[in-house]
Each structure stands twice: as structure tokens, then as C-alpha cells.
Amino acid sequence: MCICVCIVCSGGGQWDCKDEACPGTCSVEGGSHINTFDDMVYTFHGDCSYVLAKDCNGNQFQLQGDLVQCGLSESETCLKSVTLALTAEKTVITIQPNGKVFVNGIYSQLPFSAAGISAFRVSSFYLLVHTSGLQLEVQLQPIMQLNITVSNAYQGKTCGLCGNFNKNQADDFLKLSGVVDSTSAGFANSWKTHASCLDIKNKSCVAPMVFFNCSTAGPGAKGAECQKSCATLDMACVSAECVSGCVCPDGMVSDGRGECITMDTCPCVHNSATYQPGDSIKVDCNTCTCKDRSWQCTKNQCYGTCSVYGDGHFVTFDKKHFNFDGSCEYTLAQDNCTGQGNGTFRVITENVPCGTTGTTCSKTIKVFLENTELILTEGTYQMISKGQEEVTPFHISTMGIYLVIEANNGLILMWDKRTSIFIKLSPDFKGRVCGLCGNYDGNANNDLTTRSNAVVVNPLIYGNSWKDSPSCPNAVGPKSPCALNPYRQPWAQKQCSIIQSTVFSGCHSVVDPSPYYDACVFDSCACDSGGDCECFCTAVAAYAQACNEAGACVHWRTPQICPLFCDFYNPPGGCEWHYKPCGSPCMKTCQNPSGGCSTQIPPLEGCYPKCPPEQPFFDEDNMKCVAKDQCGCYDKELGHFNNGDTVPTTKKLC
């Protein structure tokens, strides 16, 4: 691995880091595991020919790989061959698993060298192909695997399954259509080079498709492997051999579902859903409109979200997943990262452990805003004001199961009153924050930056650097609760399988369920001293909330699975309270009589009342609907007083 950083320890104990021009490396291992040029790892079990990498700004090279099923199950796939086309297909090199190399369709003995290209066997297991700015290292035994190295000159200019080499993992699933897909399957399918993959062996073609027979075609003919689809219209077809199969008639392309359509009716695809020309979708805070097979999107700067849930599971502002669990107070996020001047906010969290494995059962959160400190613990909050301001720099409300803090500076914090915290930050803070939530600069690769400004790869080193007190002991190596409690693993896997089941099928193409399932099993194994269901429910709720924020509402709770008994709040014979999985419009409350909320607050599940017209205000302290004159009073520390009470700070009757 090439570490492209020069590190100098400068004054004040800070690391001064500088990126160097370094080549990019992508690998295809095991026939399904792909590590992109930007070091993003994903798994895809394909059964077609795919563009692995190409020069998207020109025609210098295009590299294709054939992935095929090679076992009894669909998850057993192998790399069958590698084809490299250079300089607009003037030279096409095909490498087979047995080590045979074909140049422009003609078998070539190794070593081979011509026109700036060289290929040779370095051992019985490995073969190298080298040309200007590009090198292929092909493993032949025991299975075919591939390492691709491109020079720094291609930075930001590549595309395909290996990503775009721009040092940003977050957009590695960027498709030619102009949007980032949420899943590896949706992304990889967009890079198929054979539109007729599923119909290759089907000799009876459905009209208007016709069968193309390579055996009756002339030399150099291209068959079904070069059938154009809406997704491949802009790709050159590099054909290693003619493939017989069903093709669309001239002037038509495949729609990817076995039908033929005209090019002007090609739809756009996002997260496996199809949209017609003129249709619009929301991608985060932007609106994208389908036009000419591509998405035309607005350029709004969106809020970033950091998620912390369960037993130390983190998703940073730049979407990096990692695990860290310690028993100290840790800085989640702050905007005073240089130690000079005053910041506008700081968020600190402390885990409260329980059980024999020390799993986290609850969190204590401290939020510092200007001269005010908020302490969130045991399902409620306490405010400590260190100044004389009459107006607090934030607003607190209850939304479903969450306590929501909206600060005036662009910070929004949502807490489920247990172990889940979601922090949203205005784009004004981009690149200006630090802590366990990362630096919010759009680059997930440098998110693990320690307090001393060193980029590390070990979450343990990273997490310990953000302790609030140096005297608190460091967290030690990662736990493995399922290994410590093997009797709990079958139960945990069975319960957590709801995340990967049809219950959440509407969200799978929008939010990858894999890291949430793994976190659920981890936490459910760890809760061995009661609270089994709470650990499980919190983990599933974290995935449901990620789905909600992505626009995929899932009604997953039942009377048997993590129920919320909203009827508890109803008065005898009343029916005001109901469970809403996707939240409710902003309500008029005693603390927020205008009923205005930030548009950045996502739908939050929980129990919500439907207040009657004669009692339109929600009293969050007493959890009931009231008339405005029954709301009582609040002091500057948000203490609540009923009508007739004396407010200590003003000595006046409420």
C-alpha cells in the first residue's frame, strides 16, 4: 500500500500533513470483492462482462472483466477473463485464466512487447501487463485475480467498477447518469457491457427482438455482447468474441428488462428505480430531473449527518462507518479545532456500560452552546446557563421518541433518550469541525484524524485521542461479544435478520443494510444481562431512521417486535395518541406556539397526539393537549411552571 503523506511534527504537538502525487490501485479479488482506487471495498456477485476501469475523459484505455457464476450458488462467482483495449480499440489484449494472451484476437507468446505495451510472466502464478500510465498484475493460480495500477495523471478521470480516483470514497458509486447509487448492485449493473446477459442462452426471442447467429456472420462480427442498452449507449463495446443471442433491431436499444425501445424514450435509473424523461427525484437536499438519460441536479449545499448508535457504532458526516466503544467522555464534534479563539459549539458523549461484556446501555450527552450547557441523561435534560442572556441560543422539542435540539448556529441534535444520537450540521461548518464525527470535508479517507491532526487507520487510536480527560484510561482492543457469548449468536442473527428481510425491502436499494445488520448482531450478542430486546430494537431503529431520512418509510414495529404503546398517553376513553413510523408535521407546542420547525429535521418515528381544535397546543412537559392559556410559563433555563406558580428568576406569578 502506498502512503502518500509526508508528515512533519510542527510546533504545538500538531502533525503537518501533505498529500503527494501517488498512483491509484484497484483490485478484484475472489471474483466478487472490489477495492476501488479510493480504497472503498464492496462485494458484487456478477454474471456478465463489466467495465472495471476506463479513461472517461478520452480513449486511452478501457479495461473489462468477465465475472461468471462458478459454483452451485449465485454468490460463487469467478473472474473468467480480462480484456484491455488501448487507444480507441487499436490494440485489444485478452488474458485468460490459463495464462494465454491474445492480441487483437491472435494468440501471442510471452514475453510480448510492441507499441509501448509489454506483457510477461513474472512467475508461474503471476502475469504483468505494462503500458504508459497503466499496469495490470494478473494472478492466475489458484484463482484469477487482478490488481490495476494507474498513474496520478488519471486522478479524477477514471470510471467503472474501480471508481473515479478522486480521493473521495463517498462518490465511488457515481454512474454515468450523474448520480451516486446507494448500493453496489445498482452501481455495478450500470457498468455491464452486454445488455443481453440474461438472454444469451435463450434461442427464442420475443418480438421485436431478433436472434443474431455468430456462426453465420462474417469475420469480426459483433453479436449480442455489443447489444446497446440505455445504460451502455455511451460506452464503446470491446468484443473478445462474438456471442450469439437476442438483439434489438436497428434504431432500438434494450431497456434492460427484455424489451426494445427507441433511444429518445430511455429512462433514468436511481437506486434500481426507473424514471421517465421529465421525472424529478430528491437526492438529499437537491432536486434531480431526468433529461437525455442523465440526471440534471441542483447544486444546493446540504446538511451533513453524523450517526452514533448502539454499542459504539459511528457513521461520520462524510459517511465513514467505524466502531469504537470506550468508557470515558469523548468529543463527538466541535468547531474549535485549532485551540485558538472560541468555538460556537461542542458535543461530548459518555457511555454508560452494563452487562458482563460492558455493553453500552445508555449515554450521557453534554452540549455546549455559547454560555449554555445542556446535559442530556436518563431520558431528560438539564440546562446550565453561565451568562445573563434572556434568550437561549437553541430550541428544544419532543418529536416522537426523540428529544430534538435546534441551535441558532446551524446545529441540530436528535437523541432517542437511550443510545442513538444524530447530529446534523449546516454546510457552513464544512472542513471546520473535528471529533469522532470526522472533519466534514467531503473526504471519508481522512475522517480518522486524531486530536493531534494525524490521520490513522485504527479506530481505537483515533477514538482514544478524542478523550475529554487525559487521565481517563484508554479503551482496549475491539470486543467480540458473539465469541464471548456464543449461545446468544443464533438468537441475535435470527432477530436481526428483519433488517435484511422483505420488511425493509423498500429501503434496501436506498440504504445498504449490511453494516446495520452486523451492528445489530454485535449489540444483541453483547446484551447478556437483561435488555436483550432493547439492544436489538435500538439497532433496528437506527436502520429504520436511516431509511426515513433517505425517504423510505418502513412500518416495522408490531405488537410482537419492539412495540411502542402509545395508548399509555391517552386519557380514559381518549384516542389522541397514535404511533407514526414516519413522523408527523411540526406541531404547535407550548414551547413552540408558532409550530415552525427546521426543514432539515428528518421524519422521526414515535408516538404523536392529534390535538383537537379546542386544545391545539401540545404540552411537552405533561404530554397532553391544552389550550394556549393552560401552557404555563418557562424561565430562561426552560424550567416549566404551571399557572399560579411563582417563577423564582422573576419573582412573578405565572
(request) State, to 0.1 Å, how close A550 and V510 come at their nearest heavy-atom pair, and which atoms those are. (result) CB-CG1, 3.2 Å

(request) Look only at the side chain of D447 and the backbone of C437, and say whether a donor-acceptor pair between them is shorter than 3.5 Å. (result) no

(request) Determine the minimum heavy-atom distance between K192 and T232, stating which atoms define it. (result) O-CG2, 2.9 Å

(message) Donor-acceptor pair, distance only, cut-off 3.5 Å: does the side chain of Y50 make one with the backbone of A188?
(response) no

(request) Flag the pair L79 / I143 as yes when at least one side-chain heavy-atom distance between them is below 4.5 Å, and no otherwise. (result) no

(message) Could you report the tightest heavy-atom contact between K167 and N443, atom names first, then the distance?
(response) O-OD1, 2.6 Å

(request) Report yes if the side chains of C268 and W295 come closer than 4.5 Å at any heavy-atom pair, otherwise no. (result) yes

(message) Between N446 and D441, is there a side-chain donor-acceptor contact under 3.5 Å, judged purely by atom types and distance?
(response) yes

(message) Does any part of the side chain of Y303, heavy atoms only, come nearer than 4.5 Å to the side chain of P427, both counted from C-beta?
(response) yes

(message) Just by distance, no angles: are the side chains of Q62 and Q64 close enough, under 3.5 Å, to form a donor-acceptor pair?
(response) yes

(request) Identify whether the distance between the nearest side-chain nitrogen and carboxylate oxygen of R293 and D234 falls below 4.0 Å. (result) yes

(message) Quick check: do Y462 and F324 have side-chain heavy atoms less than 4.5 Å from each other?
(response) no

(message) Using a 3.5 Å distance criterion without hydrogens, assess whether the side chain of S118 forms a donor-acceptor pair with backbone atoms of S113.
(response) no

(message) Which heavy atom of S239 sits nearest to which heavy atom of K222, and what is that distance?
(response) CB-CG, 4.1 Å

(message) Is there a side-chain contact between C230 and P267 in this structure, where contact means two heavy atoms from C-beta onward sitting under 4.5 Å apart?
(response) yes

(message) I'd like to know if the side chain of E225 pairs up with that of T193 as donor and acceptor (distance under 3.5 Å, no hydrogens or angles considered).
(response) no

(request) Please check if the side chain of N271 supplies one atom and the backbone of S182 the other of a donor-acceptor pair under 3.5 Å. (result) yes

(message) Testing the basics here: between T77 and G46, what is the closest heavy-atom pair and its distance to 0.1 Å?
(response) CG2-O, 3.4 Å

(message) T450: which residues meet the side chain to side chain donor-acceptor pair (under 3.5 Å) condition with it, sequence neighbours left out?
(response) S452

(request) Among Y309, W466, F322, find the residue that satisfies the ring pair (Phe, Tyr, Trp, His ring centres under 6.0 Å) test when tested with F314. (result) F322

(request) Could you tell me whether the side chains of S49 and D66 share a donor-acceptor contact shorter than 3.5 Å? (result) yes

(request) Check whether any side-chain heavy atom of Q135 lies under 4.5 Å from a side-chain heavy atom of V129, and answer yes or no. (result) no

(message) Run the side-chain contact (heavy atoms from CB on, under 4.5 Å) test on N164 and D172 for me, step by step, so that the C-alpha distance in whole Å, both residues' side-chain angles and the decisive distance to 0.1 Å come before the verdict.
(response) CA-CA 6 Å; N164 51 18; D172 264 7; 3.4 Å; yes

Solution key, residues 511-522 side-chain donor-acceptor pairs under 3.5 Å, sequence neighbours excluded:
residue	atom	partner	partner atom	Å
D512	OD1	S514	N	3.1
D512	OD1	S514	OG	3.3

(request) For Y126, check ring-ring contact (aromatic ring centres under 6.0 Å, His included) against everything at least two apart and list the hits. (result) none

(request) Check whether any side-chain N or O of D38 sits under 3.5 Å from a backbone N or O of M40 as a donor-acceptor pair, and report yes or no. (result) no

(message) Taking the basic N atoms (NZ, or NE/NH1/NH2) and the acidic carboxylate oxygens, is any pair closer than 4.0 Å for K175 and D181?
(response) yes

(message) Is any side-chain heavy atom of H313 closer than 4.5 Å to one of D325?
(response) no

(request) Quick one: do F317 and I423 satisfy side-chain contact (heavy atoms from CB on, under 4.5 Å)? Show the steps, please. (result) CA-CA 9 Å; F317 291 118; I423 300 174; 4.1 Å; yes

(request) Find out whether V457 and L448 are in side-chain contact, i.e. whether some heavy atom of one side chain is under 4.5 Å from a heavy atom of the other. (result) no

(message) Taking salt bridge (charged side-chain N to carboxylate O under 4.0 Å, His left out) as the cut-off, I'd like each qualifying pair that reaches into residues 123-133, sequence neighbours left out, listed once.
(response) none

Show every donor-acceptor pair shorter than 3.5 Å between a side-chain atom in residues 146-161 and any protein atom, with sequence neighbours excluded, or say none if there are none.
residue	atom	partner	partner atom	Å
N147	ND2	E137	OE2	3.1
S151	OG	A153	N	3.4
T158	OG1	G163	O	2.9

(request) Check whether any side-chain N or O of D47 sits under 3.5 Å from a backbone N or O of V68 as a donor-acceptor pair, and report yes or no. (result) no

(request) Output every pair passing ring pair (Phe, Tyr, Trp, His ring centres under 6.0 Å) with a member in residues 160-182, not counting sequence neighbours, ordered by first then second residue. (result) F37-F165, Y42-F173, F173-F187

(message) Can a donor-acceptor pair be found, under 3.5 Å and without considering hydrogens, that links the side chain of S480 to the backbone of C482?
(response) no

(request) Would you please test L140 and N98 for side-chain contact (heavy atoms from CB on, under 4.5 Å) and show each step? (result) CA-CA 7 Å; L140 303 172; N98 57 10; over 6 Å; no

(request) Please say whether more than 12 non-hydrogen atoms of neighbouring residues, nucleotides or ligands are located less than 6.0 Å from NZ in K80. (result) no

(message) Using a 6.0 Å cut-off, check whether atom CG of D292 has over 12 heavy atoms from anything other than its own residue.
(response) no

(message) Using every non-hydrogen atom in the two residues, find where K320 and A444 come nearest and quote the distance to one decimal.
(response) CD-O, 3.4 Å

(request) Could you tell me whether a side-chain N or O of N166 sits under 3.5 Å from a main-chain N or O of N168, the two making a donor and an acceptor? (result) yes

(message) Pair Q169, D39 - check side-chain contact (heavy atoms from CB on, under 4.5 Å), show working.
(response) CA-CA 7 Å; Q169 290 181 344; D39 288 324; 3.9 Å; yes

